[in-house]
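Working notes for the structure below.
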Amino acid sequence: MPIIRIALNVPVDTLFDYYAEDASTDDIGLRACVPFGKKHLTGIIIAVVAESEVPPAKLRAVKSIFREIKPLSQELLLLFNFCSHYYHYPLGKVIMNGLPLKLRNNQSLQLKDNQTDNQYSLTSAGKQITVKDIPARQRIARRLLVEFHCSTVISHRQIQQISPRAIPLLKDWLTWEWVAAIPKISTSIAPNLGPPLTTEQAHAVVEITNDDGHFKTWLLHGITGSGKTEVYLRIIASVLAKNKQSLVLIPEINLTPQLEAVFRERFSAIPLVSLHSGLNDTERLMNWLQAQSGEAKIILGTRLAVFTPLPNLGLIIVDEEHDTSFKQHEGLRYSARDLAIFRAKQINIPIILGSATPSLESYHNALTHRYHSIRLTSRAIENARLPTIEYIDTRTDKRREGLSSALIDAISQCLAEKHQSLIFINRRGYAPVLLCRSCGWSAACHRCSSRLVVHLRDKKLCCHHCGHDEHFPRACPDCGNQDLAPFGLGTQRVEETLAAHFPSARIARVDRDSTRRKHAWKDILQAIHTHQVDILVGTQILSKGHDFTNLSLVGILNADTSLFSTDYRASERLFAQLMQVAGRAGRAEIPGHVMIQTEFPEHQLYRALQRQDYDSLAHALLAERKAARFPPFVHQALLRAESHAMHDVMDFLQQASRLVAHTNTIEMFDPVPAQIARLKGMERAQVLVQSNSRNQLQKFLARWYTEINRLSVHKIRWTLDVDPVEF
Ligand code: ADP
Ligand code: ZN
Ligand code: ZN
């Protein structure tokens, strides 16, 4: 009897074998439900074999194989396999991480009505089948085949009319590839016209579309407002003309509605789906199915979308490629950007990475000609100029409630001119805390090594790491002092200060709290675009890719906190973020002005920013990284571990460090506590390994991973983080 080898969503890096009477190698990639201990689990069939290492007496039988759709193509299986090997993570968990929730449960899929209009025809294999090949007692199968031979195309509804029992046959025939769905023919495939391209845009489009369509990584390095989106749209149009699919990855779910609208307007006749965590399970499944069937031609999604089955993919775009949200920060710590490049290479198609401030890795790859760089150096809209950048030296212009008088004056002028202003608060590692000024006590989370953040509005203290919240204490728990006051600057506090200064101004706060509600962000965007907002106050969210045409002033507070960070990527990120925020100003006819409050106006980063000179800063940072042996000049991995007691974690890491004798190509550092040493009640520490050679590092990690798995560890959770971006 055939045996299926199946990948399950369990934290063990192995496949599981089951008898399956009717299985054949055609079933690879299908879902199957199997008994596992006392439960049933659903996984994906990875192989069908004749023999197993498990003794026959112990081998159990599959409960059911779900044949209604095949979630995994050969191509996707390769991608998942690569992902599992590269990130040293169990294949079953990698696959399940990439599938919509509705495909992970033990139920067969009830395909909804919107599939019923599909049309089908016989494949060349199907045409070989004659009625005589089908046993006479299978009356319905015979009738269906006759119908197919008579009329070349049959719709789902017609098949249903033959007999409801013909539908399961259709599904079988689809899996056996006797029949295939015909892509719906849209009336007009031609996109609506965009604006005439600028010379630089035209050059970019020509260079990429005139290439042979084979694998190549393009770095579209264009300043903010240079019209990268328009370049994407034109290239996608040329991919559509070949009837191929385009996958567009974007960092933030917040960017989807805006970008989706632009795409839908341009390609109004073309099936487009989005895939992101803001969709409910059914929506996500439906969109995924449309992508999987080849019907959706444009797929717009966040990092998870890199795992979408796309039978006819012709192009991948990674917008804002420098953004760290492309890296998953828990569980399977994959980089969607890097996997996208692997995927493009695997099926030999072009990939475009776009950014105004490329990651130093990508920039370095462009310098060394591994990527092909295309630059856009001027803004797309005529007369739109880059904003002027001014520094306010807060050593001389003292701040009141965080705002300097120069900035307040600028905001009043902006209000008088009926333009919008944006006040950006850099909150990385900095937020208002509750402080006792008589003894120095500050409110901390009892589960994490972090301070609680003051949320004035609901009079609450919240932990931004674990979500714990509590009420304000009435007095200092250490000394009894009743005069506790927030210290530091938060969005709410700045919002209140501004409201006091400008009582008639309409102020909108944009941060993680104010955008939590489902349509909150859409509403705020709407208000901004219909000029119902005068002053925007916000954090990171505001810095990304938005296009606010009436915005003329950007004020930046607290940027200095990232200048002297221990994280070697902090400068790169600060620069990218400030360039992005500054880029929000003066995008259309209105000239933009940026004011940055700082105590270090002479800092090289600020100097480079003022000249909008990414290259000189990037070169300086790369030189620093080379000297200090940081990526991209070395390749890194972290062994992360956590447990309830720090000494257990350290013991485990010590033990792990000694497991594999490492050669001189691998550098291994001592175990150290993580930057956030306590999180959700768990103590965390890590070991860093690095190498000049990615290959050597991978070989080492593979051996190390096997050995660590053999350690008998209790109460320790550990994981490897390959190419870590935070420490
Ligand atoms: P980027 O993503 O490079 O920061 P966008 O794609 O958001 O820039 O484009 C900035 C603005 O320029 C948008 O309002 C866009 O509609 C406009 N734009 C882009 N290309 C052109 C063009 N060729 N002619 C006129 N306007 C353009
Ligand atoms: Zn906490
Ligand atoms: Zn006190």
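Whatever order the structure lists ligands and atoms in, that order sets their numbers, starting from 1. Everything quoted here is computed from the prediction, not taken from an experiment. Residues: numbered from 1 along the sequence shown.
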Is the closest heavy atom of L376 to ligand 1 under 4.0 Å?
no
Just wondering, more than 12 heavy atoms not from H531 lying within 6.0 Å of its NE2?
yes
Do ligand 1 and Q201 have nitrogen or oxygen atoms that lie under 3.5 Å from each other?
yes
Please step through side-chain contact (heavy atoms from CB on, under 4.5 Å) for the pair L639 and D721, ending with a clear verdict.
CA-CA 6 Å; L639 171 60; D721 183 354; over 6 Å; no
Side chains of S373 and H221: do they bring a donor and an acceptor to under 3.5 Å?
no
Ligand 1 contact by G222, heavy-atom criterion under 4.0 angstrom:
no
Is there side-chain contact between L353 and L220, with heavy atoms separated by less than 4.5 Å?
no
Looking at E207, I want to see if its CD is surrounded by more than 12 non-hydrogen atoms of other residues, nucleotides or ligands under 6.0 Å.
yes
Above 12 or not: heavy atoms from other molecules or residues under 6.0 Å from CD of E330?
no
For the residue pair H619 and Y614, is the inter-centroid distance of their aromatic rings smaller than 6.0 Å?
no
If you count heavy atoms of other groups shown closer than 6.0 angstrom to CZ of R451, is the number above 12?
no
Which of the atoms in ligand 1, numbered in the order shown and given with their element, are less than 4.0 Å from a heavy-atom of I223?
3 (O)
Using a 4.0 Å cut-off to any heavy atom of E230, which atoms of ligand 1 qualify?
20 (N)
Mind checking the CG-OG spacing from L621 to S571? Nearest 0.5 Å is all I need.
5.5 Å
Atoms of ligand 1 under 4.0 Å from any heavy atom of T224, numbered from 1 in the order shown, are 4 (O)
Backbone or side chain, does H446 get an N/O/S atom under 2.8 Å to the Zn ion (ligand 2)?
no
Begin from the C-alpha positions of R569 and T324 and carry the test side chain to side chain donor-acceptor pair (under 3.5 Å) through to its verdict.
CA-CA 11 Å; R569 287 178 205 268; T324 50; over 6 Å; no
Taking everything shown except R717 itself, do over 12 heavy atoms lie less than 6.0 Å from its CZ?
no
To the nearest 0.5 Å, atom CE of M595 lies from atom OG1 of T388 at 9.0 Å
Counting both backbone and side chain atoms, is some N or O of T229 under 3.5 Å from an N or O of ligand 1?
yes
Contacting atoms of ligand 1, where contact means under 4.0 angstrom from a heavy atom of P196
22 (C), 23 (N), 24 (N)
Backbone or side-chain N or O of I381 under 3.5 Å from ligand 1 N or O
no
Which of the ligand 1 atoms, numbered from 1, are nearer than 4.0 Å to a heavy atom of A380:
12 (O), 18 (N), 19 (C), 20 (N), 21 (C), 27 (C)
Distance under 4.0 Å to a non-hydrogen atom of T198: what atoms of ligand 1 satisfy this?
23 (N)
Residue selection (non-hydrogen contact nearest atom 25 (C) of ligand 1) among A356, P195, G227
P195
With the threshold set at 4.0 Å, does a side-chain nitrogen-carboxylate oxygen contact exist between E200 and R379?
no
N, O or S of C445 under 2.8 Å from the Zn ion (ligand 2)
yes
Near the Zn ion (ligand 3), protein N/O/S count under 2.8 Å comes to 4
